[in-house]
Amino acid sequence: FLGPIPNKYVEEAFRAADLIAVPSHYEAFGIVALEARASGVPIIASDVGGLRDLVSDENGGERVRVGDVSAWADALERALRPENLHRRKARAMAHHDFDVLDWLTVGRRIRDVALGARDVRG
């Protein structure tokens, strides 16, 4: 609800959040989810496109079917409970992401996709 944020404040805004919700109907890559992961913030996201690769229980997130308002409400409520593990998982995954999502690795994955390689995850 903040609207556009100048680049120099984006990381601070993510780190101040308790949760990032990405209720997209379509998402080719999911840069917002990637930025949230890098900031160690739990993510609830639609189960579409690139969000499927970026958001999972293992990294402090949860994917929800597009348009399922009840499932979205339940997921958001669970994620905001004080005892929820999403926050700890998200923080731990932020450190992992820097190892697996560096520019060289991402460049190699893009090359592999362009050349038609089957396994582009590592």
Side-chain angles (χ1 to χ4, degrees):
F1 302 116
L2 298 175
I5 299 172
N7 286 339
K8 65 182 181 178
Y9 300 117
V10 169
E11 183 179 351
E12 182 181 336
F14 273 109
R15 290 186 187 275
D18 291 318
L19 172 73
I20 299 297
V22 187
S24 302
H25 286 260
Y26 171 81
E27 196 72 53
F29 179 70
I31 193 70
V32 170
L34 183 60
E35 290 171 327
R37 276 182 58 175
S39 300
V41 179
I43 309 160
I44 306 299
S46 295
D47 189 15
V48 296
L51 296 172
R52 288 183 178 129
D53 294 324
L54 294 170
V55 179
S56 69
D57 180 63
E58 291 81 26
N59 62 34
E62 183 175 345
R63 292 189 311 264
V64 181
R65 190 173 61 237
V66 173
D68 189 338
V69 176
S70 180
W72 269 94
D74 291 344
L76 292 167
E77 191 273 329
R78 277 191 306 276
L80 292 172
R81 288 182 189 153
E83 72 276 6
N84 195 291
L85 296 177
H86 282 306
R87 169 76 58 186
R88 282 185 271 163
K89 288 180 183 179
R91 294 266 184 237
M93 196 63 187
H95 298 291
H96 173 267
D97 284 347
F98 288 113
D99 295 332
V100 297
L101 293 174
D102 63 87
W103 282 111
L104 181 59
T105 302
V106 170
R108 286 180 179 153
R109 290 180 186 173
I110 292 170
R111 177 203 62 206
D112 291 346
V113 168
L115 296 175
R118 289 186 179 266
D119 183 10
V120 295
R121 293 186 183 193

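This chain uses plain numbering: 1 for the first residue, then up along the sequence.
In terms of heavy atoms, W72 sits closest to A21 at CZ3-CB, 4.3 Å. Heavy-atom minimum distance, A79 versus L19: CB-CD1, 3.9 Å. A pairwise comparison of heavy atoms in S24 and V48 identifies O-CG2, 3.9 Å as the closest pair. Between V64 and A75 the shortest heavy-atom distance is CG2-CB, 3.7 Å.
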Derivation and outcome, side-chain contact (heavy atoms from CB on, under 4.5 Å), residues S46 and Y26: CA-CA 8 Å; S46 295; Y26 171 81; over 6 Å; no
Derivation and outcome, side-chain contact (heavy atoms from CB on, under 4.5 Å), residues I20 and V22: CA-CA 7 Å; I20 299 297; V22 187; 3.9 Å; yes
Full working for salt bridge (Lys or Arg N to Asp or Glu O under 4.0 Å) between E27 and R52: CA-CA 9 Å; E27 196 72 53; R52 288 183 178 129; over 6 Å; no
Pair V66-D47, side-chain contact (heavy atoms from CB on, under 4.5 Å): steps then yes or no: CA-CA 7 Å; V66 173; D47 189 15; over 6 Å; no
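D68 pairs by the side chain to side chain donor-acceptor pair (under 3.5 Å) definition with R65, not counting sequence neighbours. Residues that satisfy the side-chain contact (heavy atoms from CB on, under 4.5 Å) test with A73, not counting sequence neighbours, are absent from this structure. Listed by chain and number, the residues in a salt bridge (Lys or Arg N to Asp or Glu O under 4.0 Å) with E35 amount to none (sequence neighbours excluded).
Using modelled atom types, no side-chain atom of R37 and backbone atom of V55 make a donor-acceptor pair closer than 3.5 Å. Between the side chain of R63 and the main chain of A45, no donor-acceptor pair closer than 3.5 Å is present.
With a 4.5 Å cut-off on side-chain heavy atoms, F29 and L34 count as touching.
Atom CD of residue E77 and atom CD1 of residue I44 lie 11.0 Å apart, to the nearest 0.5 angstrom. We find the CG-CG distance between L76 and D18 to be 12.0 Å, quoted to the nearest 0.5 Å. Distance check, rounded to the nearest 0.5 Å: CG of L54 to CD1 of I43 gives 7.5 Å.
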